[in-house]
Every structure is written in structure tokens, then in C-alpha cells.
Amino acid sequence: RYGVEKTYRAVVEGIPDEKRLERLRKGVFIETGKTSPAQVTVIHAEEKSNRTTLEISIHEGKKRQVRLMCEAIGHPVDKLTRIKIGPF
């Protein structure tokens with residue numbers, strides 16, 4: 001809410017290509033408008049189960065923002081965990 005960086009670990013369906021990840025890094029349009037750019041890192045991509053683990057850092061805190069961002073690029077979230085907020 002106050003511009004504090006929040007970092008999430010998201011397990012998404014499918015394996016997003018670099019073009020889709022770049023959309024997250026630049027900001028995507030969700031129902032509440034365009035999001036600020038996010039830092040996105042691929043942690044693990046599992047072709048066998050068709051799942052990818054991403055680490056996403058954002059400065060905004062809109063309701064369900066990470067889930068909506070991933071849906072906007074065509075990779076819905078299966079599991080989402082906040083792993084860091086600010087320096088903690």
C-alpha cells in the first residue's frame with residue numbers, strides 16, 4: 001500500500017516464454033488498470049508437469065494483483081506465497 005516491495009513465489013500453469021515475462025516486467029493491464037513494472041525471475045520450469053515457479057516483486061498492493069497479472073499473460077497461478085515484504 002505504501003510502496004513497500006513485496007516478493008511472491010508463484011507456481012503457474014505452463015511455461016511462459018520470454019515475451020510474456022517481459023510483459024510482466026513492463027506492466028500489464030488488469031481490471032483495475034495498468035500495473036507498475038515487476039521484477040520477474042524464473043526459479044524452476046518443469047516440462048513434465050507443465051508448471052513454472054516464478055519469483056515476482058511488486059511495489060503495489062492491489063487485491064489479487066499477482067494472480068491477475070499472471071492470468072493476463074495466459075498463465076494462471078496454481079500456488080502463491082508471499083516470501084518477503086520490505087526488508088523482512
Side-chain angles (χ1 to χ4, degrees):
R1 179 178 175 181
Y2 298 104
V4 175
E5 185 176 86
K6 291 161 278 301
T7 304
Y8 298 86
R9 184 151 297 141
V11 178
V12 298
E13 293 180 12
I15 300 173
D17 58 15
E18 194 58 38
K19 183 179 177 184
R20 291 176 190 229
L21 294 175
E22 195 59 35
R23 285 181 57 200
L24 289 177
R25 292 181 183 123
K26 290 182 178 180
V28 295
F29 285 95
I30 58 174
E31 43 190 57
T32 57
K34 188 173 181 182
T35 64
S36 292
Q39 294 177 344
V40 182
T41 306
V42 176
I43 302 299
H44 180 72
E46 179 71 42
E47 288 187 28
K48 195 174 190 180
S49 64
N50 200 29
R51 302 266 187 268
T52 304
T53 303
L54 303 173
E55 194 167 287
I56 302 172
S57 296
I58 59 173
H59 291 279
E60 299 173 304
K62 297 175 184 171
K63 185 176 180 182
R64 299 177 48 83
Q65 180 175 340
V66 173
R67 291 182 186 276
L68 293 171
M69 289 170 62
C70 291
E71 284 179 21
I73 64 162
H75 295 278
V77 173
D78 281 340
K79 183 178 180 185
L80 182 66
T81 307
R82 186 171 55 208
I83 58 173
K84 185 176 174 186
I85 183 164
F88 303 107

Subject >> Considering all heavy atoms, the nearest Met69-Ile30 contact >> reply: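 Taking every non-hydrogen atom into account, N-CG2, 4.0 Å.
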Original post:
What is the minimum heavy-atom distance between Lys26 and Lys34, and which atoms define it?
Top reply: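 For Lys26 versus Lys34, the nearest heavy atoms are O-CE, 3.9 Å.
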Subject >> Basic-acidic side-chain contact under 4.0 Å: Glu46, Lys48 >> reply: no
Original post:
Do the charged groups of Glu22 and Arg25 touch, with an N to O distance under 4.0 Å?
Top reply: yes
Subject >> Nearest-0.5 Å distance, NZ of residue Lys79 to OH of residue Tyr8 >> reply: 15.5 Å
Original post:
Quick one: CD on Glu60 to CD on Glu5, what's the gap to the nearest 0.5 Å?
Top reply: 12.5 Å
Is there a path of hydrophobic side-chain contacts, each under 4.5 Å between heavy atoms, that joins [X] and [Y]?
{"X": "Leu54", "Y": "Ile85", "value": "no"}
{"X": "Val11", "Y": "Leu21", "value": "no"}
{"X": "Val42", "Y": "Val12", "value": "yes"}

**OP:** Side-chain contact test, heavy atoms from C-beta onward, threshold under 4.5 Å: evaluate it for Cys70 versus Ile56 and give yes or no.
**Re:** yes
Subject >> Verdict with supporting geometry, Ile73 and Val28, side-chain contact (heavy atoms from CB on, under 4.5 Å) >> reply: CA-CA 8 Å; Ile73 64 162; Val28 295; 4.1 Å; yes
**OP:** Answer yes or no: is there a donor N or O on one side and an acceptor on the other, between the side chain of Lys6 and the main chain of Val4, under 3.5 Å?
**Re:**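 Confirmed, Lys6 side chain pairs with Val4 backbone.
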**OP:** Give a yes or no on whether the backbone of Val77 and the side-chain of Glu13 come within a donor-acceptor separation of less than 3.5 Å.
**Re:**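 Such a contact is absent between Glu13 side chain and Val77 backbone.
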**OP:** Any side chain to side chain donor-acceptor pair (under 3.5 Å) involving residues 49-58? Give me the pairs, sequence neighbours left out, ordered by first then second residue.
**Re:**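 Every side chain to side chain donor-acceptor pair (under 3.5 Å) pair that includes a residue of residues 49-58, provided the two are not neighbours, is Thr7-Ser57, Arg9-Glu55, Arg51-Asp78.
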Subject >> side-chain contact (heavy atoms from CB on, under 4.5 Å) between Thr35 and Phe29, worked out >> reply: CA-CA 6 Å; Thr35 64; Phe29 285 95; over 6 Å; no
